[in-house]
Participant: 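Handing you a structure now.
So you know, we letter chains A, B, ... as the sequences are listed, proteins then strands, and number each from 1. Values reported hereafter were calculated over all heavy atoms of this structure, with side chains retained and with hydrogens, waters and symmetry mates removed.
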Amino acid sequence: MLSWPNFISQLFNGLALGALLALISSGLTVIYGTLGVLNLAHGAMFMMGGYGGFVTYQYTHSFALALVGGTLCVLVIGVVTEQVLIRHFYRRPPEDQLLVTFGLGIVFVELVRLGFGSLSLQVSPPEWASGITRMGFLIYPTYRLYVMGIIAVALAVLYLILYRTRIGMIVRAGIEDSGMVDMLGINVFRVFMLVFGIGAAAAGFAGIVDAPVLPLTPDMGDQILVETFVVVVIGGVGSFPGAILGGLIAGEILSITSMFNPSYSQVMLFVVMTLVLLLRPQGLLGQSSRT
Amino acid sequence: MSLLEVEGLNSYYGDSHILFDIAMRVEQHEVVALLGRNGAGKSTTLKSLMGAVRPHSGRVVLDGVSIAGKAAHTIARRGMQLVPEDRRVFGSLNVEDNIVLAGLTAPKRWPLDRIYEMFPRLKERRSSRGTDLSGGEQQMLAIARALVRDPKIVLLDEPFEGLAPIIVHDLVRVCRDLAATGLTIIVVEQNIAAALNLANRAYILNNGHVVHEGVTEELRRDPSILRRHLGV
């Protein structure tokens with residue numbers, strides 16, 4: 001049962017899952033940090049990325065275009081959602097924001113179910129990334145190695161946007177104090193729209209990247225949403241590096257625990273979250289308080 | 001025409017009425033002090049002018065343009081800047097990025113050199129994060145952030161609060177230099193001596209009403225006015 005190849009392989013699985021969670025969570029945490037809205041429809045964004053990519057793939061038979069198509073589709077959905085609905089809730093109490101994004105998530109899931117049915121859909125990995133790779137004593141699906149690489153690139157791009165561009169500077173300032181950013185002549189609502197769009201797109205991108213690993217179903221985002229919350233809490237709300245660290249930790253916990261007993265993997269995740277909340281309530285890389 | 005004209009300004013926090021028909025005028029190149037006890041509505045007045053608090057009613061005209069009820073970023077682009085009481089420096093950005101960010105949307109902006117000439121301390125600390133600054137340095141940065149936008153009018157909310165006397169002395173000097181170059185300033189300050197030292201004219205607020213208006217000379221000559229309204 002417990003052998004080295006098996007363990008190493010699970011470590012790799014944890015890394016791939018962790019990278020995926022990191023990418024989705026970075027979107028959620030930056031949206032929450034900047035807008036103050038906890039987006040319960042974030043799991044649906046992940047799901048719609050997968051379906052958007054699926055449709056693109058049907059028409060183009062190109063996985064690379066499917067990545068672009070899925071991401072753009074969710075970017076547009078994110079921007080429109082923010083413009084039409086979310087922006088009317090910035091001044092409303094948090095419970096109203098939770099209700100509206102929760103409801104939105106349900107609507108998105110049911111619309112996709114209406115269009116595509118409940119049966120799972122398969123996206124095959126691109127030819128250049130299918131098959132298996134031998135790494136010493138380890139045999140590992142090639143596509144999963146690509147998943148890690150693609151997501152690492154995506155995270156690097158997000159990092160560069162956030163830390164090396166003017167827009168990123170505005171977003172980081174906005175995460176700290178959006179009211180002050182507004183008083184310095186920067187239209188924060190336009191920044192909010194952009195952040196919501198890009199945050200959603202990050203989840204959508206993850207959805208299509210993961211599609212060859214996990215078959216598409218309309219409710220595939222529900223489970224991911226819960227795990228993403230845990231990642232954000234572990235890493236620190238509003239912290240981009242925190243989302244990455246939290247994602248990797250969560251991925252390994254889920255993966256290694258399930259090697260011993262799959263039904264305990266979720267439990268262990270929450271145990272770790274509880275420990276973090278007890279020992280460091282602001283999360284591993286979070287700021288102590290937010291005004 | 002005055003640079004800033006305020007008439008019948010009313011503001012609320014939730015259901016509580018904070019400002020009652022505030023009226024004031026500020027001329028170009030003038031330094032005006034807003035005095036009053038704690039909770040008199042001084043900060044709320046500044047926030048209402050800046051759009052950080054949306055006034056319920058009233059007329060606010062800046063340089064001939066009505067700004068009442070506009071968003072803060074719009075008002076900022078019209079040439080007003082608020083240096084808030086708690087400074088609100090971006091701790092995750094370094095000193096220079098704080099200043100650069102502030103200048104991004106300014107129609108006209110000060111060169112960084114001019115800012116650093118005015119605050120040599122900020123030049124020394126240009127790559128320090130906002131969180132690593134002392135209170136005095138944070139206040140300098142908050143003022144620098146406003147100045148880089150080359151504003152027509154700056155609202156200073158308790159700029160000297162909680163700072164060591166030597167730093168207050170320096171900042172008062174900076175503010176005087178700014179006033180001498182023609183910047184228009186409204187200053188809210190508990191340190192009445194410093195405020196009177198700086199301002200040409202003062203308004204006294206009490207419970208959200210303007211209860212006195214006059215030149216600071218008069219307040220210095222006749223301390224009974226301050227005693228009556230402020231209890232000092």
Side-chain angles (χ1 to χ4, degrees), chain A residues 26 29-30 32-36 83 87-88 90-93 159-195 235-243 282-283 285-291, chain B residues 14 46-54 67 70-109 129-131 138 141-152 154-155 157:
Chain A
S26 61
T29 205
V30 172
Y32 183 69
T34 316
L35 285 65
Q83 286 288 296
R87 70 169 32 201
H88 303 292
Y90 293 137
R91 286 165 188 273
R92 300 275 283 267
Y159 174 86
L160 288 177
I161 294 176
L162 208 47
Y163 288 88
R164 293 283 180 274
T165 66
R166 290 271 156 93
I167 292 287
M169 189 160 95
I170 294 171
V171 171
R172 280 184 294 141
I175 287 176
E176 229 179 287
D177 187 342
S178 57
M180 190 65 225
V181 171
D182 203 37
M183 286 199 283
L184 291 173
I186 295 164
N187 185 348
V188 283
F189 291 105
R190 202 169 298 165
V191 178
F192 285 2
M193 177 188 84
L194 195 71
V195 165
V237 170
S239 164
F240 176 73
Q282 71 270 38
L285 299 179
Q287 303 289 324
S288 46
S289 73
R290 205 182 109 74
T291 49
Chain B
L46 296 191
K47 286 179 188 160
S48 303
L49 297 179
M50 188 65 217
V53 167
R54 195 160 288 225
I67 56 168
K70 294 269 194 301
H73 61 263
T74 309
I75 295 176
R77 288 179 200 187
R78 293 268 173 227
M80 185 182 276
Q81 273 298 294
L82 170 64
V83 178
E85 193 178 359
D86 36 6
R87 293 150 199 162
R88 295 167 74 174
V89 158
F90 300 115
S92 59
L93 269 50
N94 67 27
V95 167
E96 192 148 308
D97 282 351
N98 263 278
I99 300 171
V100 169
L101 178 89
L104 282 181
T105 63
K108 213 171 94 198
R109 72 182 82 114
R129 294 235 256 170
T131 34
Q138 284 191 8
L141 180 53
I143 294 173
R145 229 170 27 179
L147 292 179
V148 75
R149 300 184 61 86
D150 193 28
K152 291 176 187 150
V154 172
L155 320 177
D157 197 352

Participant: When only pairs under 4.5 Å are counted, which of B/A102, B/A52, B/G103, B/A106 shares the most heavy-atom pairs with chain A?
Facilitator: B/A102
Participant: What part of B/P151 gets closer than 4.5 Å to chain A, counting heavy atoms only: side chain, backbone, both or neither?
Facilitator: neither
Participant: Rounded to the nearest 0.5 Å, how far does CZ of B/F90 lie from CD1 of A/I170?
Facilitator: 10.0 Å
Participant: Give me the atom names and distance for the closest heavy-atom approach of A/M180 to B/L82.
Facilitator: CE-O, 4.2 Å
Participant: Below 4.5 Å, heavy-atom pairs only: which of B/V100, B/V148, B/I75 has the largest tally toward chain A?
Facilitator: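 Most heavy-atom pairs under 4.5 Å with chain A: B/V100.
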Participant: Are any of the side-chain heavy atoms of B/L104 and A/L184 separated by less than 4.5 Å?
Facilitator: no
Participant: List, with distances to 0.1 Å, the donor-acceptor pairs found between chain A and chain B - the cut-off being under 3.5 Å and no angle criterion applied.
Facilitator:
from   : atom 1 : to     : atom 2 : distance (Å)
A/E176 : OE1    : B/G91  : N      : 3.2
A/E176 : OE1    : B/S92  : N      : 2.8
A/E176 : OE1    : B/S92  : OG     : 2.6
A/E176 : OE2    : B/G91  : N      : 2.4
A/D177 : OD1    : B/R88  : NH2    : 3.0
A/D177 : OD2    : B/R88  : NE     : 2.8
A/D182 : O      : B/H73  : N      : 3.2
A/D182 : OD1    : B/H73  : ND1    : 2.7
A/M183 : O      : B/Q81  : NE2    : 3.0
A/L184 : O      : B/R149 : NH1    : 2.5
A/G185 : O      : B/R77  : NE     : 2.9
A/G185 : O      : B/R77  : NH2    : 3.0
A/G185 : O      : B/T105 : OG1    : 2.8

Participant: Using non-hydrogen atoms only, which part of B/V83 is less than 4.5 Å away from chain A: side chain, backbone, both, or neither?
Facilitator: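 Answer is neither: B/V83 stays 4.5 Å or more from chain A.
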Participant: Output all residues satisfying side-chain contact (heavy atoms from CB on, under 4.5 Å) with B/P107, sequence neighbours left out; order by chain, then residue number.
Facilitator: none
